[in-house]
Amino acid sequence: MDEVLPPVKLLSTGLQHVAAMYAGVVAPPLIVGAGVGLSATDLALLISASLFTAGLATLLQTLGIWKIGARLPFVNGVSFAGVAPMIAIAKGSIERTGGPKDALPVIFGAVIVAGALCFLAAPYFCKLIRFFPPVVQGTVITLIGVSLLPVAVNWARGGSPSAPGYGSVRAVGLAAITLAAVVLCNRLLRGFWQQLSLLVGLAFGTLVAFPLGLADFGAVQDAKIFALPSPFHFGAPAFDAAAIVSMCIVMVVSMTESTADMLALGKIVEREADEPTLAAGLRADGLATAISPVFNGFAASAFAQNIGLVALTRIRSRFVVAAGGGILILLGLFPVLGSVVSLVPQPVLGGAGIVLFGTVAASGIRTLAEAGMESSANTILVSVSLGVGIVPIAVPTFYDAFPEAVRTLMHSGISAGCVMAVLLNLLFHHVGTARRSESQSRSGEAPGATVPTATPY
């Protein structure tokens, strides 16, 4: 993980990480900006700010300073978990003040406080690792991959129902061509080119998209060449109690997902994500989140699709991801460069995403295989946790009638399944274990006979 690759390899593999995450970074500001009612100019500024702050957050995670940063090949970007609550905050603010630009300072104030909470809580939150034995880790890692697959499927159809040709045979066919290109490149190429199979597949799919009419140069023509971040462009942050509580709940969900992602990445790179690593990673999340609003950005969190890319390419160097962070900063400073990357059509990303997200799920299944599934307790834990985690994936509106705090936690299949796995692990492997061991010793049974593979943490 500490290997520094030659410059050409470093930049090309870093660009591959950017290509995998770009759509995920620009989607939240697009949704929030549209919900607030920003002009096209301000919306472009919000997107550039998100790219810039994602780059800063990624550098902080990979390179680290003091006890801040996991120093893993860990990509950070704008958290999707906060999109719905931020739109709700904006609507409430607009109803009171009547202007979209008055809504963003309230959002930014809440994000700053939530980031500070994450930073301060990191050394305590990371102690939850004792409740994440391999069976829980494997369940959560599998859910990360499964919960991302519908995103890839939606990209394969065109990304948005309002997009031209959404769900058409051309769009799905382009996704299939890209998927085939990535698979064939991984099978036929060797060495460094095999490690670039995703980037080669994305480039090939984009070239095929032009004659099919599924690529658009409009974004490049309208983009500015250079745009320096303007601190607090939308005004000084405003601090509203209800908005702060809402974003703090979102931050707790993001911390849960980041912890799960770091555990998953530790498995893939074969370096355990222990308590100090988790604490450092969560501090980086918190600091990046608190700083982002200064540059008009939102909460920062882990990007699971890049974990799949590390597993797919087997390039573990954190400096590769740091190079990707540097590219993100350049994309934020030079919007015209970002518009070039955005030429990659959504169906192309969808085809590649199936490989990436499926790789994450496969890593989780491998971890479960090592966790000892012959135990009935572990079988129940995995089956129920996966079921609960898949509910919001299969039926996104399932929790719409519940209070906002419940919706925020349970709307994400990752956090819902993670919470259930931890609770069931407590029930089966922690609560009453001392009494069971004493009873077994009196009856002549070996302690732990009922759950032979469980290792209480």
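Predicted model only: the values in this text are computed from it and were never measured.
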So [Y] and [X], do their side chains get closer than 4.5 Å, heavy atoms only?
X	Y	result
Val321	Phe74	no
Leu309	His17	yes
Ile329	Leu333	yes

request  = Before giving the answer on side-chain hydrogen bond (donor to acceptor under 3.5 Å, both in side chains), spell out for Thr277 and Asp274 the whole-Å C-alpha distance, their side-chain angles and the decisive distance to 0.1 Å.
outcome  = CA-CA 5 Å; Thr277 300; Asp274 53 14; 2.7 Å; yes

key: Donor + acceptor pair across side chains of His233, Asn296 (<3.5 Å)   =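 There is no such pair between these side chains.
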
key: Exercise: do Asn154 and Gln346 side chains pair donor with acceptor under 3.5 Å   =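 There is no such pair (donor and acceptor under 3.5 Å, judged by atom type) between the side chains of Asn154 and Gln346.
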
task = For Phe298, enumerate each residue passing the ring-ring contact (aromatic ring centres under 6.0 Å, His included) test, keeping only those at least two apart in sequence or located in another chain.
result =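 In terms of ring-ring contact (aromatic ring centres under 6.0 Å, His included), with neighbours along the sequence ignored, Phe298 is linked to Phe108.
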
ask   = Taking only residues two or more places apart in sequence or in another chain, which ones pass ring-ring contact (aromatic ring centres under 6.0 Å, His included) with Phe319?
value = none

All pairs passing salt bridge (Lys or Arg N to Asp or Glu O under 4.0 Å) where residues 295-316 contributes a residue, at least two apart = Glu270-Arg316

query = Does any pair with a residue in residues 50-77 pass salt bridge (Lys or Arg N to Asp or Glu O under 4.0 Å), and if so which ones, sequence neighbours excluded?
reply = none

ask   = Taking only residues two or more places apart in sequence or in another chain, which ones pass side-chain hydrogen bond (donor to acceptor under 3.5 Å, both in side chains) with Ser254?
value =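 Per chain and number, Ser254 pairs via side-chain hydrogen bond (donor to acceptor under 3.5 Å, both in side chains) with Ser79.
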
request  = For Thr313, enumerate each residue passing the side-chain hydrogen bond (donor to acceptor under 3.5 Å, both in side chains) test, keeping only those at least two apart in sequence or located in another chain.
outcome  = none

inquiry  = Atom OH of residue position Tyr399 - does it have more than 12 heavy atoms of other residues, nucleotides or ligands inside 6.0 Å?
reply    = yes

inquiry  = When you measure from the side chain of Thr58 to the backbone of Asn76, do you find a donor-acceptor pair of N or O atoms at a distance under 3.5 Å?
reply    =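 A pair under 3.5 Å: yes.
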
